Structures are given as structure tokens and as C-alpha cells.
Amino acid sequence: MKNKKNIMIGTIVIVLLALGLFIYQKFVKQQLHFKDDLTVEINGKFDPLSYISEVEHGNIKEVTCQSKNLNIKKLGEYEIVYTYKNRDYEAMIQVVDTTKPVFNGLNDLAVSINTTPDLKAGVEVSDNSLEEIKYKIDDKKIDTSKEGTYEVTYSAKDSSGNKIIAKRKIEVIKKIGSEQQSNEKVVYLTFDDGPSENTKKIMDILAKYNAKATFFVTGRNQKYNYLIKDAYNAGHTIGLHTYSHDYQTVYSSVEAYFDDLNKVGQMVKNEIGFVPHYIRFPGGSSNTISRKYCQGIMSTLTKEVIEKGYQYYDWNGDSTDASGNHVAVDKLIRNGTLCHDNNVMILCHDTQAKDTTVQALPAIIEHYRNLGYTFKGIDDTTYTPQQGVNN
Ligand SMILES: [Zn+2]
């Protein structure tokens, strides 16, 4: 009898203990645990569940959060409320700014000797606070009267005191290009107006002959812009030919020209990481069409591009593929192989309408190859054919 009673008491005690433990776990003990760091960067991505370190007796999917108080665009402390198994948990989330501003456009810059480089051109500073950040330039170390490599320091600070200091390499060079031809027999094939439907075909032909070339690109056919990077990676040179290639636009004023040039420069930079300093004027530097839009503009532009660290290239060989669309292949080959200077820079075009240029290319390459020429892309020492300014 006594034994039976003891068993009963024992059972009741165990049941009560289990019940107590259950109530403690369910209603007393904290079930949602938070991490120590309850901060989020201003204008960053706020993920409320990322602050939870542990969910007892359940799954994080059962946790909901009410965070409409929080203003991610403004520094401060905000209360947000989590709900888990019918219980609310408050947490104070702090919107902070610990991220430094970032400089964009501090690519290496080549400038001609005795010119004043525009150290602000193409430079931007951005910050996660989205505020407009002013920056300082320390250019004391540059001596533009002497060739050499210099370092310029850019610094910026956001309103939370996060500071960035960045260095930029500035190369003061004698002048890009050479007025003299080299002794080496070199053909510089140049393709204007691309990228286009034909760029890939041109590159395939060049690859077949292990020939390098230069592409003076525009912003008119941007679905092929990936080919700018492909061409660069294949060892070809990328040059700038203006963004719009619209004579009326680019030659309406000096300012309009540089706006357009900067635009194509940034476009190319998005593909290859820097702004090339080789340019070709639409119509060449000797064009007369620009007279119609701005008297004397070519005289100014040809000087100013050099002062800004660019060099411009005309040509001493011409496939004459600009004389019309679908010009006969044999005519292109004949005209494209006329020049036998040591350094030949041949004008060709890279657009959908210039299929016959693609067809003529192998014969033009073979002609010069048989005469011992190699095929290179433009570099800083390349002969610079310039035809003379007529406006
Ligand atoms: Zn052109």
C-alpha cells in the first residue's frame, strides 16, 4: 500500500517538474537572442533577421519584425520590434556611418610637358551618406616643366568624419606620339566608328595574322560595347572618336567637343578601366565641315587636346571606305595598299555598312606582311600623322 502511494507521489513530482520546466522554457526564459552589434550603415541594406543570434525552440522563419520606425537614410537610434511565439522583443538599432568616401576616376594621367593638367576632370567622390563631398588636391609634388612620374594626393572627409586619402600617378611626358617615322616597317591599321556588327569579324582576321590594330570608338552602337573590352584584352589599342560622332554636335563649340569627348572617354573607361589618350577627330583634323558649325574650331581643338594630355592621329594611308557604303573590295585593296612609308597609318571603318572593308582586310594585311611590315596598335611612341588644320 505504502509503496503504491510513493510511486504516485513520485509520478506527480515528475509531472510537476516537467510542467515547470515547460512553463519556464515557454514563458520565462528569453527565447530570442540578439547579437552585440546592432548597427547598420546609413543607406545600407537593412536585414532585421541578421541581428538575431539564436532562436530557442524554433526557427528564424517564425520571427517577424516591425521596423517601419527605422529611417536608413538618417543617422540615429531606432526601436524595432520582433515578434516570436506571440511575444514581442524590442531592439534598438543604430544607423551609423563608418564607411569612408570613395574616389572614382583617379586613373593614371599622362600630361604633356609645360601644360597645366586638369586634375579635376573625370574625378568624382561618392559616399554612402549620399551627401555631396568636397575634396582637396595636393599637387605640390608635380613639376610640369620636367618629365617624370609624380604623385598627387586627393583627400576627402564625410560629415561623420570618415576620411579617405588617395594617391594618383601623374606622368609628365614630353609629348605623346612622334612627328618622325621610325626605321621599323610598321602598319597601324585604324578602325573608326565602331564597335559594330563587324568588330568581331575584324578581330578574328587580325588574330589570324597576329596583327594588332587601333579602334577609335564612338557611343553610337553600345550594344557592342563589350567588344571594346574584348579588343583591348586581345592587345589592340582603344582610341576615342567622340561619343555622338555628330558633326553639328561635336563641332558646335570647343566646350561641346570636350563634353562629347569626355562622354566617350567615360564610356570606354567603363569597359577597360581608364580613359585612353589617343583620339581621332571625326573627319580628321583637316576637316572643313566644322567651318559650317564653328569658325576656327579645329585650330583651337588641335592645341587644347594636346594640353589636356591627348594626342590626335590622322592617317597617311586610306582604304577609302568612307567614300561610300559597300565600296568594291578590289578598290579598297588597291587604295589601302598605296602608302609605302616606313610607318603607315591606314584609315578604315568599323560599321555594319562596311562589309567590304572586312572582305578587303586579309589582302591588305598580306600585301604589307609580304613587304616585311608588322602590325601594331598605337602606343605613346607611335608616329603621329597629322594632315594640317583647315579651319
Ligand atoms: Zn568617323
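Because only heavy atoms are used, hydrogens play no part in the values below, and waters and symmetry mates are left out as well, while side chains stay in. Please read these numbers as outputs of a predicted model, since none were measured by experiment. In listed order, ligands and their atoms are each counted from 1.
- With sequence neighbours left out, Q266 forms a side-chain contact (heavy atoms from CB on, under 4.5 Å) with K269, V275.
- The side-chain contact (heavy atoms from CB on, under 4.5 Å) search around T153 returns D138, I165, K167, not counting sequence neighbours.
- For the pair K308 and F258, the distance from NZ or CZ to the six-membered ring centre is under 6.0 Å and the angle to the ring normal is within 45 degrees.
- Grouped by direct or indirect side-chain proximity (heavy atoms under 4.5 Å, Ile/Leu/Val/Met/Phe/Trp/Tyr only), Y150 sits with F103, L106, L109, V111, I113, L119, V123, V125, I133, Y135, I137, I142, V152, Y154, I164, I170, V172.
- Both cation-pi conditions hold for K185 and Y373: the charged atom is under 6.0 angstrom from the six-membered ring centre and inside a 45 degree cone around its axis.
- With respect to the salt-bridge test (charged N to carboxylate O, under 4.0 angstrom), the residues D259 and K263 do not qualify.
- Looking only at protein N/O/S atoms, the ones less than 2.8 Å from the Zn ion (ligand 1) make 3 in total.
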